Each structure stands twice: as C-alpha cells, then as structure tokens.
Protein chains: 2
Amino acid sequence: MQQIRPRATMRDVAALAGVSLKTVSRVVNDEAGVGDAVRARVRAAVVQLDYRHHQAASDLRRGTGRTRAVGVLVQDVANDFSSRLLRSLEDAAREHGLAVLAGSLDEDPDRERALVADMVARRVDGLVIMAATSMQDYLQPEQRAGLPIVFVDREPAGIAADSVTVDNRGGARAAVDHLLERGHRRIAFLGDLPSIVTANERHLGYLESLQAAGVPADPSLAVLGLHDEDQAQRALESLFASRTPPTAVFTARNVITVGALRALRARGASWRTALVGFDDLPLFELLDPSVTAVRQDVAALGRATAQILVDRLAGDASPPRRVVLHPELVFRASSNAPV
Amino acid sequence: MQQIRPRATMRDVAALAGVSLKTVSRVVNDEAGVGDAVRARVRAAVVQLDYRHHQAASDLRRGTGRTRAVGVLVQDVANDFSSRLLRSLEDAAREHGLAVLAGSLDEDPDRERALVADMVARRVDGLVIMAATSMQDYLQPEQRAGLPIVFVDREPAGIAADSVTVDNRGGARAAVDHLLERGHRRIAFLGDLPSIVTANERHLGYLESLQAAGVPADPSLAVLGLHDEDQAQRALESLFASRTPPTAVFTARNVITVGALRALRARGASWRTALVGFDDLPLFELLDPSVTAVRQDVAALGRATAQILVDRLAGDASPPRRVVLHPELVFRASSNAPV
DNA sequence: GCGTCGGGAGACAACGTTGTCGTGGAAGAG
DNA sequence: CTCTTCCACGACAACGTTGTCTCCCGACGC
C-alpha cells in the first residue's frame with residue numbers, strides 16, 4: 001500500500017486557503033456570506049486535500065441528536081423473508097437520506113439486547129425490530145428518550161409501540177381450512193418454537209381451524225421447535241414412520257416448508273401428500289407439484305413500517321399505530337393430493 | 001406516546017452522583033482509580049437516569065478515528081447471493097465488535113459513489129464493495145487516507161486493492177464444456193450487461209469453451225443485458241421462436257436462470273432443453289428436472305473477505321491480496337436433455 | 001467630511017466525551 | 001511528629017464541527 005495521509009480537517013483546509021475555520025464550514029455547508037473569490041479558494045483547498053466532511057462531529061455540534069441512520073434488526077438477513085423486508089426498508093430509508101445499520105438476531109434474545117444497546121450507543125434515529133425476545137419492556141427507556149421504535153412481523157409485549165404485522169393466525173386458518181375442505185383430517189403441523197409469537201399464532205390458527213371443523217387435534221401430529229430445514233425434514237420423516245401418518249402437512253415457515261419438501265421428495269410422496277406452507281418462495285411455482293402457500297406481501301410490510309418510522313421522525317407523536325396486513329393463500333398443486 | 005425525556009449526559013450523571021464528570025467517565029469505562037463507594041453511587045445514577053454511552057462523542061475524543069462500523073455495499077441485499085454474503089460478513093464483523101452499514105447498489109454507478117461518500121462521511125473503519133462502477137479510481141483518496149477497501153465478487157479497476165472473487169470464466173467454461181460433452185452445439189447464452197465484470201467474464205468463458213471445442217459461436221444465440229427474471233424469460237422465448245432454436249442454455253446469473261426456467265416450463269420444454277445456470281439456489285435440487293448449476297461457496301467468499309478486512313484493520317500493510325475462489329459444477333438432471 | 005449601514009469574515013464557545021496533569025489527604029516510614 | 005508516597009478524584013483541554021457574536025471595511029446619504 002502507499003503512504004497513508006491522515007484525513008484533512010477543516011482546520012487544514014482553512015490553513016491552506018488562508019481563511020478561518022468557520023469560513024470553510026460555511027463553504028462546505030453551502031451557506032451564504034462568503035465572497036466568490038474566497039469560496040473558490042476554499043473549494044480548491046478542499047479538493048487538494050481530499051477533505052471529507054466528518055458527519056459525527058457535525059451531528060455532535062449541531063446538537064440535534066440526529067445521525068440520519070436507522071437500525072434494522074431482523075431474524076436473519078440471509079433469509080428470503082427478512083432480506084426482502086430489509087431491502088424494502090432500505091429503499092424507503094434512502095429516500096429520506098437515512099443509512100441502514102443491519103443486524104441478524106437468529107431468534108437469540110441476548111443478541112437482540114446486545115445489538116439494540118449498540119444501536120442506541122450509536123444514536124440511531126430510529127429502530128425497526130423483528131423481535132427475538134418475548135418481552136420488550138427493556139426498550140422503554142429508549143422510547144422515553146425519544147427513540148422511535150417500530151416492531152415488524154411480531155407485535156411487541158410490555159411496551160406500547162408501533163407495529164406492522166401480518167395476521168398469522170388468519171393465514172394459518174386459511175391454510176388449514178383449505179386442507180380440511182379437501183377432506184383431510186390427519187393434518188400435521190410443523191412449526192418453530194411457540195415462544196416466537198408468529199410461530200405460536202400460526203399454531204393457534206391451525207388449532208382453531210381444526211376445532212371449527214370439529215376435527216380433534218392429534219398432539220402427535222404437531223411438531224414444534226423446528227429451526228431449520230434439516231430439523232423439519234427429519235420431523236416429517238418420523239411422522240411418516242408412525243403408525244398413523246398424516247395425509248396433509250401445514251408447514252409454518254419457509255425453511256420448514258423446504259425441509260418438508262425434501263422429506264416428501266426423498267420418500268416419493270410429493271403427489272400423495274397435501275402440503276401448504278406459510279411464506280411463499282419464488283420457486284414454489286416451478287416445483288412439481290407447485291407449492292400452495294400463504295403469501296405475505298413483504299414489500300408492503302416494509303413500506304408500512306418505513307412510513308410509520310418516517311412519520312415519527314417527522315415528529316408524529318400520536319398514539320402507537322398497529323397495522324395488520326392480511327396474507328393471501330396462493331392455490332397451487334401441492335394441496336391437491338388425495339386424502 | 002409519553003413525555004420524552006432528553007438523554008442524560010455524563011454531566012447529568014455526575015451532578016446526580018455528586019462527582020466530577022471525569023469520574024463518571026472512569027466508571028463507565030471500567031477504569032481503575034475510583035473508590036468502591038463512589039463507583040456504586042455513579043452506577044446508581046447511571047441506572048436512575050438511563051444514561052447511555054455516546055459512542056460518536058467517545059470516538060471523536062479518543063481521536064483514533066475508529067467507529068467500529070464497516071460498510072458493506074452489495075448488488076441487492078434481497079438477492080440470494082448478496083444476502084448470504086452480507087450475512088457471512090455480518091457474522092465475521094460482529095465477532096470483532098463491528099457494526100454493519102448495508103447498502104444495495106442495483107448496478108448503479110451513481111448510487112455506488114453516493115453510498116461510498118456517505119460511508120466515508122460516517123468514517124466507517126472499512127468498506128466491502130461489490131462494485132457497480134467499471135472503474136474505482138475515485139476511491140484512491142479514501143484508500144490513501146487509510147480506509148481499507150476490499151472488493152468482493154468483482155475485481156477492482158484503476159486502484160490497487162484487496163479482492164476476493166470467483167473464477168467466473170472458469171466456472172462458465174466448466175458449464176459450457178459440460179453441455180458440449182453431452183453433444184450440444186447450439187448453446188444459448190443468457191447474461192447481464194458486459195459492463196458488469198462478472199457477467200462479461202462468464203460470457204468470455206462461454207466463448208472460450210465453444211472455441212476450444214471448435215464450435216463456431218452463433219451471435220444470435222447470445223443475449224446480453226438481462227437484469228431480471230422477466231427479461232430472461234422473454235429472451236429465451238424469442239430464441240425458441242427463431243428458426244434455429246438452441247438445444248441447450250447457459251444462464252449466467254441466478255435470476256436469469258429462474259426466468260429461463262419459467263420460459264421452459266411455459267413451453268413444456270423443461271426435459272427437452274438442457275440447462276446449466278451460474279449460481280445455485282436452494283430449491284434447484286427439488287425442481288423437475290433438478291437444475292445443474294455452477295455453485296459458488298458464498299460463505300467462504302464472505303469469510304475470506306472479512307479476514308482480509310480484519311487483518312487490514314489490525315494494521316496489515318502488505319501489498320493488496322487477490323483471492324480467487326473456484327466454483328463447482330453441481331451435476332443435476334437439467335443438463336441431461338438430449339441434443 | 002461624517003455617520004450609518006450592510007456584508008464578508010473571524011473569534012469564541014460548545015456538542016459529549018476522554019487523556020493529561022494536578023491536588024489534597026490518608027497511610028506509611030523514619 | 002515530620003516527610004514522603006500513593007491513591008482517589010477533579011480541572012482543563014481537546015477531538016472536528018457549527019451557532020452566535022463581533023469586527024472591519026467599503027458604500028452610501030446628507
């Protein structure tokens with residue numbers, strides 16, 4: 001590497017241009033009150049020294065407490081759902097000149113608290129959280145300090161804050177209703193830990209749907225606590241190994257659906273077993289059979305979340321908003337399997 | 001919302017605890033030289049006032065010029081490849097206590113320059129860039145100022161900097177060689193703009209492979225400038241509509257492959273047309289036919305990138321490193337179609 | 001010629017924090 | 001009992017920037 005040259009400060013620029021520091025500040029910030037000749041001299045010095053504005057120092061001095069950055073904490077930036085949400089939020093943020101500090105929580109409450117603490121220390125202007133904790137009362141001091149917090153995908157507990165979520169229970173009910181209408185009675189449920197609100201809601205939707213149809217829920221058909229594809233795949237395999245295997249499966253999250261698809265494929269049971277998944281994936285349409293899924297409008301989720309955040313940043317102090325989007329059941333072939 | 005209470009500063013904490021500001025600083029930073037009683041009093045005041053450390057002010061005063069944040073600019077955080085890379089980088093960064101500022105470039109050079117300028121103003125400690133510009137000489141001043149920059153996925157031009165890339169040309173050659181070995185002679189190429197280095201390299205690999213096999217390249221079979229699924233789908237459809245349609249297709253990027261799959265599916269030609277894609281997707285294995293693809297080890301790409309960045313941050317001033325990973329051709333069913 | 005006005009430019013302090021040095025008092029040595 | 005030593009703690013300045021106030025000088029009116 002070449003010789004490193006420390007960053008020039010306004011003081012350096014001022015010295016080179018033969019003006020005062022304040023005059024440089026005026027030029028850099030395009031303020032009035034600087035003659036054309038001096039302005040040009042300063043501009044030249046800025047270029048010559050590769051001066052770059054120091055935003056943190058500027059923010060500090062201005063004392064507005066604004067950093068023009070927002071924190072976005074999702075479950076996993078590599079997951080299809082989270083990453084599309086992140087992108088949607090990023091677009092809205094950039095439109096308002098906000099940078100995005102991103103973080104993955106991996107359903108780890110400690111990680112959530114640690115990342116939030118970091119974002120707070122960085123004085124982000126706002127926070128979007130897909131919570132991994134079951135209780136977010138620890139955020140009250142931050143909220144009191146004026147930090148806008150918007151909960152996305154999962155409603156907050158222990159704190160009154162804005163949220164943008166999806167009707168998980170309703171989506172799950174629609175999925176299971178659909179399978180019941182096709183005549184299925186032994187419907188398996190594969191989901192994540194009930195401590196995750198969305199997972200629990202989807203499980204409740206499953207149970208409600210069965211109950212409404214007068215079908216007794218067989219606890220041995222519901223497997224909870226599935227985090228990844230492998231676990232889901234193995235879970236479905238062992239369900240099939242039982243004496244009374246399911247004729248249909250409702251998978252409550254994208255990675256679980258994929259794991260289940262692998263299990264069905266390995267068993268050659270794809271066309272014999274009805275499947276509905278929560279979360280749509282771009283390729284579900286192209287599989288054989290194509291996969292029936294509960295689709296969330298991720299872009300809309302992100303837009304609504306960003307809108308609230310931006311409003312709050314603009315000073316909106318109205319009571320917490322609670323936006324609930326409704327998912328849509330996309331009918332495809334996988335739910336057509338015979339009973 | 002409730003009454004907002006401005007953030008407490010060390011001065012407030014000091015006043016409440018009846019000590020000097022500097023003593024608060026010592027307690028907050030776990031420095032020695034504070035008696036137990038005073039320490040406890042300060043701690044209590046910190047809790048009572050919900051004091052939160054102000055990292056920017058701290059960084060500024062310490063004058064190390066470090067912010068413990070890195071910028072990661074990828075093509076699109078919602079894309080499977082980019083998001084997995086981002087996640088891999090995030091994990092490595094967090095391990096070293098670094099926060100991640102993320103941004104999507106969408107192959108837009110202006111956006112790249114704007115986001116870089118923003119990151120520089122924020123004084124990120126390092127920068128990872130999947131470049132959208134064809135020339136990165138504009139980054140020389142930043143590099144000279146000591147900013148470590150690592151180019152990922154695409155090698156830099158006009159600047160001597162670290163890079164971690166994939167042998168795109170070799171991967172493409174392997175893909176096309178494979179199709180040639182199966183006897184195909186009319187092999188279509190669907191790719192993005194040649195101004196994108198990786199896209200161009202893959203195109204060159206395609207051409208080299210044909211040439212090595214003595215198969216004349218038919219320009220009408222190569223379609224460049226495809227950005228998304230729809231464009232790819234339409235491109236392949238019009239190739240099929242020609243008098244001499246291809247018997248095999250090489251698609252040079254994940255979204256293009258998906259578009260091509262849609263076209264094949266719509267035409268019912270999935271089993272009649274050989275297909276190899278660059279970039280593997282999790283569900284390719286489950287499609288019928290399963291999709292042969294050139295797989296990049298994204299996690300390894302991220303790890304290597306992060307390693308270099310971390311080394312640089314630790315003071316490594318050795319000449320720029322150039323790491324090239326080799327992709328792997330994953331044989332599946334889609335390349336078995338007859339000639 | 002004198003007073004006034006206005007615009008360009010600089011001096012100074014401050015944002016929230018920490019490095020450096022200084023001070024006062026208790027403990028220990030002789 | 002005095003001198004030294006050490007430790008706990010505080011005063012002050014500074015990081016890079018900007019808001020406020022002041023100053024100077026040329027232009028203008030009478």
Side-chain angles (χ1 to χ4, degrees), chain A residues 5-43 45-46 49-68 118 120-125 145-146, chain B residues 5-43 45-46 49-68 118 120-125 145-146:
Chain A
R5 179 175 74 171
R7 291 240 181 246
T9 68
M10 282 193 177
R11 182 195 309 281
D12 302 322
V13 176
L16 179 61
V19 298
S20 81
L21 206 168
K22 176 69 224 202
T23 298
V24 176
S25 168
R26 277 194 263 257
V27 173
V28 167
N29 291 291
D30 270 323
E31 285 174 27
V34 182
D36 290 344
V38 173
R39 194 175 290 271
R41 251 191 7 257
V42 171
R43 288 251 161 78
V46 162
L49 295 178
D50 290 318
Y51 170 78
R52 298 288 183 271
H53 197 62
H54 193 306
Q55 222 213 239
S58 175
D59 290 338
L60 182 59
R61 168 61 241 228
R62 286 197 222 258
T64 59
R66 287 283 169 101
T67 55
R68 302 197 74 73
D118 184 58
V120 168
R122 291 177 189 279
R123 294 295 190 273
V124 291
D125 293 347
Chain B
R5 179 175 75 171
R7 290 238 182 248
T9 68
M10 282 194 177
R11 184 195 306 284
D12 303 322
V13 176
L16 179 61
V19 298
S20 83
L21 207 168
K22 176 70 222 200
T23 298
V24 175
S25 169
R26 275 193 265 258
V27 173
V28 166
N29 290 290
D30 270 324
E31 283 174 29
V34 181
D36 290 344
V38 173
R39 194 176 290 270
R41 243 181 28 244
V42 171
R43 289 251 162 78
V46 162
L49 295 178
D50 290 318
Y51 170 78
R52 298 287 183 272
H53 196 61
H54 193 306
Q55 222 211 236
S58 175
D59 289 339
L60 182 59
R61 167 62 241 228
R62 286 196 221 259
T64 59
R66 289 282 170 102
T67 55
R68 303 197 75 71
D118 184 57
V120 168
R122 290 176 190 280
R123 295 294 190 272
V124 291
D125 293 346

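Please read all numbers here as calculations on a predicted model, not as lab measurements. Proteins get letters first, then strands, A, B, ... in listed order; numbering begins at 1 in each.
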- Of all the heavy-atom pairs spanning B/T23 and B/V34, show the shortest one and how long it is. CG2-CG1, 4.1 Å

- When all nucleic acid strands are considered with a 4.0 Å heavy-atom cut-off, which category describes B/G63: base, sugar-phosphate, or nothing? nothing

- Message: Reading DNA chain D in the 5' to 3' direction, which nucleotide is the first one with an atom under 4.0 Å from a heavy atom of chain A, and which is the last?
- Response: D/dC15 to D/dT20

- Could you tell me whether the side chain of A/V28 reaches within less than 4.5 Å of the side chain of A/Y51, counting heavy atoms only? yes

- Where B/R39 and B/A32 come nearest, the two heavy atoms and their spacing: NH2-CA, 4.2 Å

- Start with the C-alpha gap between A/H54 and A/T9, add the side-chain angles, then the distance that decides, and say whether side chain to side chain contact (heavy atoms under 4.5 Å, CB included) holds. CA-CA 8 Å; A/H54 193 306; A/T9 68; over 6 Å; no

- Message: Give me the atom names and distance for the closest heavy-atom approach of B/R7 to A/V120.
- Response: NH2-CG1, 3.6 Å

- Message: Using five pairs at each end of the helix from C/dG1-D/dC30 to C/dG30-D/dC1 to define an axis, what is the angle between those two axes, to 10°?
- Response: 50°

- Item | Earlier contact from the 5' end, DNA chain D, for B/D36 and B/R123 | B/D36

- Query: Taking A/V27 as the fixed residue, which of A/M10, A/R43, A/R41 is the one that meets the side chain to side chain contact (heavy atoms under 4.5 Å, CB included) rule?
  - Reply: A/R43

- For A/R52 and B/R123, the nearest pair of non-hydrogen atoms, with its separation, is O-NH2, 2.8 Å

- Task: Calculate the interatomic distance between B/K22 atom NZ and C/dG22 atom P; express it in whole Å.
- Result: 15 Å

- Task: Compare all side-chain heavy atoms of A/N29 with those of A/H53 and state whether any distance is below 4.5 angstrom.
- Result: yes

- B/R68 and A/D118 ion-paired at < 4.0 Å: no

- Message: Taking B/R5 first and then B/D50, would you say they form a salt bridge - that is, a charged N and a carboxylate O separated by under 4.0 Å?
- Response: yes

- So, with a heavy-atom separation below 4.0 Å from DNA chain D, the residues of residues 23-34 of chain A are A/S25, A/N29, A/E31

